[in-house]
Amino acid sequence: MSRVLTVGCAQLGPIQRRDTRVEVVQRLLALLHKAHARGCQLVVFPEMALTTFFPRWYMTDQAEIDSFFEDSMPNAATQILFDEAKRLGIGFYLGYSELATEGNRRMHYNSAILVDRRGKTVGKYRKIHLPGHAEHEPQRPFQHLEKRYYDVGDLGFPVWRAFDGVVGMCICNDRRWPETYRVMGLQGVELLMLGYNTPEFNAAIVEPAHHRMLHHFITMQAGAYQNGTWVVAAAKAGIEEGCMLIGGSCIIAPTGEIVAAANTLGDELLVHDVDLDATTPIKTSVFNFAKHRRPEHYKLIVERAGAVPPPE
Ligand code: CDT
């Protein structure tokens with residue numbers, strides 16, 4: 001039986017602060033309808049797909065911060081997306097800021113959920129690699145305060161059996177880390193979905209703008225090849241509140257090749273027929289993990305976070 005899944009990668013152009021959830025959901029619906037017209041069974045939306053990328057601002061009023069979060073999903077603004085996707089028989093990945101109540105604690109996660117073609121939520125992922133900084137750094141032209149506003153995800157990197165395959169999720173900065181792919185690779189992932197908001201200007205170091213796109217592609221292409229998995233990456237792109245976010249949404253084959261790529265910084269849908277069986281040649285040859293991995297020599301990877309060079 002063929003395991004070809006028609007996947008849509010739904011890039012979003014910028015979302016400004018004044019844009020309401022209702023307006024944004026209308027844009028998601030327009031992309032969903034395009035995806036339906038092109039035969040998609042699964043659509044990947046970006047990280048934080050319902051709001052602007054608010055960690056660029058230093059805020060101290062918790063109510064103001066919480067206004068960027070969702071305390072339930074679906075909710076009044078997004079129910080229509082869930083209903084329409086179910087009616088059309090399209091599953092989706094959706095990134096959003098999640099306000100969770102755990103006992104008497106309020107937790108803030110940068111989350112993504114996966115909904116299947118029947119409208120059932122299959123899984124949730126909470127971002128683990130939170131980039132940026134926790135304190136106000138007024139010398140920066142804009143902030144990147146994910147470490148301030150979010151808690152580190154507590155769900156690990158699970159994979160799920162869905163869409164006739166083994167699928168996993170991660171979010172933005174996670175894509176730069178080989179551990180993200182390998183932990184899911186060790187669970188047989190065949191399709192890895194992710195959304196991202198990547199500022200073109202990196203205030204932390206001096207680097208040419210083109211490095212942003214190079215590092216974006218190079219890490220995902222390597223992760224795809226080294227784990228024999230498809231990768232679908234959806235950007236929020238363009239000038240958001242004066243801050244340029246890179247585009248570069250793409251679909252990457254298990255060979256590491258980019259098979260579909262965005263060429264705008266706006267709302268744009270990429271479509272590809274993803275053959276999940278195309279993962280098999282790599283998983284059974286050069287990256288046959290059971291045959292070739294040597295975990296007894298990889299202990300440092302889980303024992304140590306920071307690098308410790310040998311003594312002088
Ligand atoms: N959203 C997100 O994770 N963005 C980061 C920016 C890194 S620079 C502080 C990224 O990895 O694209």
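Numbering of ligands and ligand atoms starts at 1, following listing order. These numbers come from a predicted model, not from an experiment. All heavy atoms count here, side chains included; hydrogens, waters and symmetry mates do not. By convention here, the first residue in the shown sequence is residue 1.
Set against the non-hydrogen atoms of P131, the atoms of ligand 1 under 4.0 Å away are 2 (C), 3 (O), 5 (C). Atoms of ligand 1 found under 4.0 Å from any heavy atom of R212 (numbered from 1 in listed order, with element): 8 (S). With ligand atoms numbered from 1 in the order given, ligand 1 contributes 1 (N) to contacts under 4.0 Å with heavy atoms of E47. Atom numbering of ligand 1 starts at 1 in the shown order; those under 4.0 Å from a heavy atom of R175 are 10 (C), 11 (O), 12 (O).
The distance between the ring centers of F287 and Y225 falls below 6.0 angstrom. Aromatic rings of F82 and F92 (six-membered ring for Trp) have centroids within the 6.0 Å cut-off, being under it. No close placement of the F68 and Y149 rings is indicated, their centers lying 6.0 Å or farther apart. For an aromatic pair to be called close, the ring centres must be under 6.0 Å apart, and H144 with F53 satisfies this.
At least one N or O atom of K127, backbone or side chain, sits closer than 3.5 Å to an N or O atom of ligand 1.
Under a 4.0 Å heavy-atom criterion, E146 is in contact with ligand 1. Under a 4.0 Å heavy-atom criterion, H129 is not in contact with ligand 1.
Heavy atoms of K147 found under 4.0 angstrom from ligand 1: none, in either backbone or side chain. Counting heavy atoms closer than 4.0 Å to ligand 1, residue F53 contributes side-chain atoms (C-beta onward) but none from N, CA, C or O.
Atom 2 (C) of ligand 1 has C172 SG, 2.8 Å as its closest protein atom, hydrogens excluded (heavy atom only). In terms of protein heavy-atom proximity, atom 11 (O) of ligand 1 is nearest to R176 NE, 2.6 Å.
A cation-pi contact, defined as under 6.0 Å to the ring centre and within 45° of the axis, is absent between R117 and F163. A cation-pi contact, defined as under 6.0 Å to the ring centre and within 45° of the axis, is absent between R182 and W177.
Atom CG of L29 and atom CD of E84 lie 6.5 Å apart (nearest 0.5 Å).
With hydrogens and angles disregarded, a donor-acceptor distance shorter than 3.5 Å links the side chain of N75 to the backbone of A77.
Distances from atom 9 (C) of ligand 1 to the heavy atoms of H144, H215, M48, Q143 put H144 nearest. Selection from T198, N110, N197, D174 by nearest heavy atom to atom 12 (O) of ligand 1 gives T198.
In terms of heavy-atom proximity, I251 sits nearest to V271 at CD1-C, 4.3 Å.
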